[in-house]
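I have placed the structure first, in the form of structure tokens, so that the comments after it can refer back to it.
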Amino acid sequence: MTGKERIARRIAREFHDGFYVNLGIGLPTMIAGYVPAGIDVMFQSENGMLGVGEPPTDECADPDLINAGKQPVTELPGCSFFASEESFAMIRGGHMDMSILGAMQVDEQGNLANWTIPGKMVKGMGGAMDLVAGARRVIVAMEHQTKDGASRILKECTLPLTGQSVVHDIVTELCWIRVTAEGLVLTEVVEGMNVAEVQARTEAKLLVSPDLCVMTVDALV
Amino acid sequence: MNKVVPTADDAVVDIAPGSTIMLGGFGLCGIPENLIAALVKRRITGLHTISNNMGVDGFGMGLMLEAGMIASHIGSYVGENRRLEALVLKGELDLTLIPQGTLAERIRAGGAGIPAFYVPTGLGTVVAEGKETRKIGDRTYVLEQALHADVALIKAWKGDRLGNLVYRKTARNFNPAMAAAAKVTIAEVEVLVEPGELDPDHIVTPGIYVNRIVVGAAYRKPIESKFIQSGGAL
């Protein structure tokens, strides 16, 4: 199992039946493939769709039916389409149970940076700033370190922010971290790794939950 | 009343250099590709564009960029367009990136006679810099201004000669809001029908917002991203 798959499988276990969830582009999109049996989750795509289904075969791809990552998708029974201002009204209005996004940096205050690197990368925030400002629960799904081994979980973000104190949870291939008023609290660590090893890969100070447990990824059936 | 113009070229013939133009679409989905092609033929310059994205290199608004027609752009995501990134980093194009929902609502407000409104989005980020903020209840909000345009170029699926429009699937996106926010709205459609053929209950954009309607001569509708994550995904 790859690190990304472990992250996706673990987060999928957080879904409750009846949840409306927005998945960010990239790693978060993978989570849709691991929804536990018996749990119905309605995925929203901010370009104007509720009830996003699996990817189609190439022959069935419809250019008028895409997700926010511009990938072709399919319709689930009961899906609906709407315009962008309506889509963001439901996001900003607090109707999404959960928003799961990737990140470049997260810090001890729950600040998130994921949209630009000044002087190097011009992409844009897309819907990320709206999602973190409006969703009831914001989960960051990302690999624990950069490709160069630098920590992505910092004392303080150095890149321009996407949102200030907006992140509720951080999930990586190594651990689950809850953002609290006291700081970042380690609640789960993967098998084969201990707290000191996770802290060694993390710039931010990690507090340890009294209920610390092993991060398991097997779907609850 | 008949708002139908014969060709896309006729539809954009009087758009002036230096105009502010809204263009519908999300990525390459629901973009007015025939109107863009007609505009690119005219090579007018100094345009101020408002659109969620900027097409891709070689298609959609990317063609306008390559033809040197765009002076400034307001959008939310331009990550698929390397030429634009290079121009911005060199300081040759004035790019303003704003949150997608704020963009949509600023356009909606423009068409709805609302000059400004408060949102929580972007508080504590560069987006809020220089903007008025206000605490309402226990939360602080950022004041955002409405957006207007001289012209909106939009794309619908079906329309009638009165300008009533319906859209197809996720190709709706920014098109309906933009239809209301410009002085002149030009809609291209795949299918033109007679008034009465569209179910009035299904009309998304009422004809009052549309000044001209044209049937697109051909549609390429490229799919921008076929990349699909392993493990089953959206």
Side-chain angles (χ1 to χ4, degrees), chain A residues 5 8 23 26-27 29-34 43 45-49 52-55 58 61-73 75 81-85 87-89 91-92 111 115-116 119-131 133-134 160-165, chain B residues 26-30 52-53 75-81 84-86 88-89 95 97-105 107-109 119-127 157 167-177 204 219-234:
Chain A
E5 186 182 337
L23 300 177
L27 197 168
T29 304
M30 290 173 67
I31 299 168
Y34 302 110
F43 290 112
S45 196
E46 65 265 28
N47 53 318
M49 181 177 188
V52 178
E54 291 184 352
D58 268 3
D62 180 341
D64 288 339
L65 182 53
I66 61 166
N67 65 14
K70 287 114 182 172
Q71 297 162 323
V73 293
E75 302 170 357
F81 298 112
F82 34 85
S84 299
E85 69 276 15
S87 179
F88 283 95
I91 288 169
R92 203 188 302 104
N111 297 325
W115 71 279
T116 189
K120 279 192 188 161
M121 185 191 89
V122 181
K123 284 193 186 296
M125 63 291 279
M129 286 194 181
D130 311 274
L131 282 158
L161 297 185
T162 305
Q164 195 176 47
S165 301
Chain B
F26 180 94
L28 300 179
C29 180
N52 188 55
N53 310 93
S76 88
Y77 188 83
V78 292
E80 324 298 346
N81 198 301
L84 178 132
E85 187 172 51
V88 170
L89 291 176
L95 173 71
L97 291 168
I98 59 178
Q100 194 175 141
T102 298
L103 175 65
E105 191 63 17
I107 296 165
R108 192 196 78 82
V119 286
T121 313
L123 186 75
T125 76
V126 293
V127 165
W157 178 38
Y167 302 86
R168 188 170 175 274
K169 305 184 189 289
T170 55
R172 185 181 312 190
N173 53 65
F174 286 85
N175 288 295
V204 174
Y219 283 95
R220 270 183 58 193
K221 291 198 194 176
I223 291 178
E224 198 167 323
S225 174
K226 289 212 175 175
F227 176 68
I228 285 161
Q229 297 273 2
S230 60
L234 296 189

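At a 4.5 Å heavy-atom cutoff, the contact between B:N53 and chain A is made by side-chain atoms alone. In this structure, chain B has no heavy atom under 4.5 Å from any part of A:I91. Using a 4.5 Å cut-off between heavy atoms, A:D62 contacts chain B through both its backbone and its side chain. Proximity to chain B (any heavy atom under 4.5 Å) is restricted, for A:T162, to the backbone atoms N, CA, C and O. The contact between A:A68 and chain B is made by backbone and side chain atoms together, counting heavy-atom distances below 4.5 Å. With a threshold of 4.5 angstrom between heavy atoms, A:E75 approaches chain B through side-chain atoms but not through N, CA, C or O.
With rounding to the nearest 0.5 Å, the separation of OG in A:S45 from CZ in B:F26 is 6.5 Å. A:S84 contributes atom OG, which lies 11.0 Å from atom CD of B:E105 (distance to the nearest 0.5 angstrom). One finds the CZ atom of A:R92 at 5.5 Å from the OG1 atom of B:T102 (value rounded to the nearest 0.5 Å). Between the CD1 atom in B:I107 and the CD atom in A:E85 there is a gap of 8.5 Å [rounded to 0.5 Å].
Taking both residues in full, the closest heavy atoms of B:T125 and A:G163 are given as CG2-N, 4.0 Å, listed atom of the first, atom of the second, then distance. Scanning both residues, B:K221 and A:P63, for their nearest heavy atoms gives O-CB, 3.4 Å. When all heavy atoms of B:S225 and A:G69 are compared, the pair lying nearest together is CB-O, 3.7 Å.
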(request) Go through B:V204 and A:F81 one step at a time and tell me if the side chain to side chain contact (heavy atoms under 4.5 Å, CB included) criterion holds. (result) CA-CA 11 Å; B:V204 174; A:F81 298 112; over 6 Å; no
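Of the possible polar contacts, none joining the B:N173 side chain to the A:G48 backbone as a donor-acceptor pair under 3.5 Å is found. Side-chain atoms of A:N47 never come within 3.5 Å of backbone atoms of B:T170 as a donor-acceptor pair (strictly under, hydrogens ignored).
Taking B:I223, B:V88, B:L95 one by one and counting their heavy-atom pairs under 4.5 Å with chain A, the maximum is reached by B:I223. Counting heavy-atom pairs closer than 4.5 Å to chain A, the top residue among B:V127, B:N81, B:N52, B:L89 is B:L89. Note on B:P222, B:C29, B:S76, B:A104: by heavy-atom pairs under 4.5 Å with chain A, the leading option is B:S76. Heavy-atom pairs under 4.5 Å with chain A were tallied for B:E80, B:R108, B:E85; the largest tally goes to B:E85.
Two residues are said to be in side-chain contact when any heavy atoms from C-beta on lie closer than 4.5 Å; B:L28 and A:K70 fail this criterion. Residues A:D64 and B:W157 form no side-chain contact, since every pair of their non-hydrogen atoms from C-beta on lies 4.5 Å or further apart. In this structure, the side chains of B:V119 and A:F88 stay at 4.5 Å or more apart for every pair of heavy atoms.
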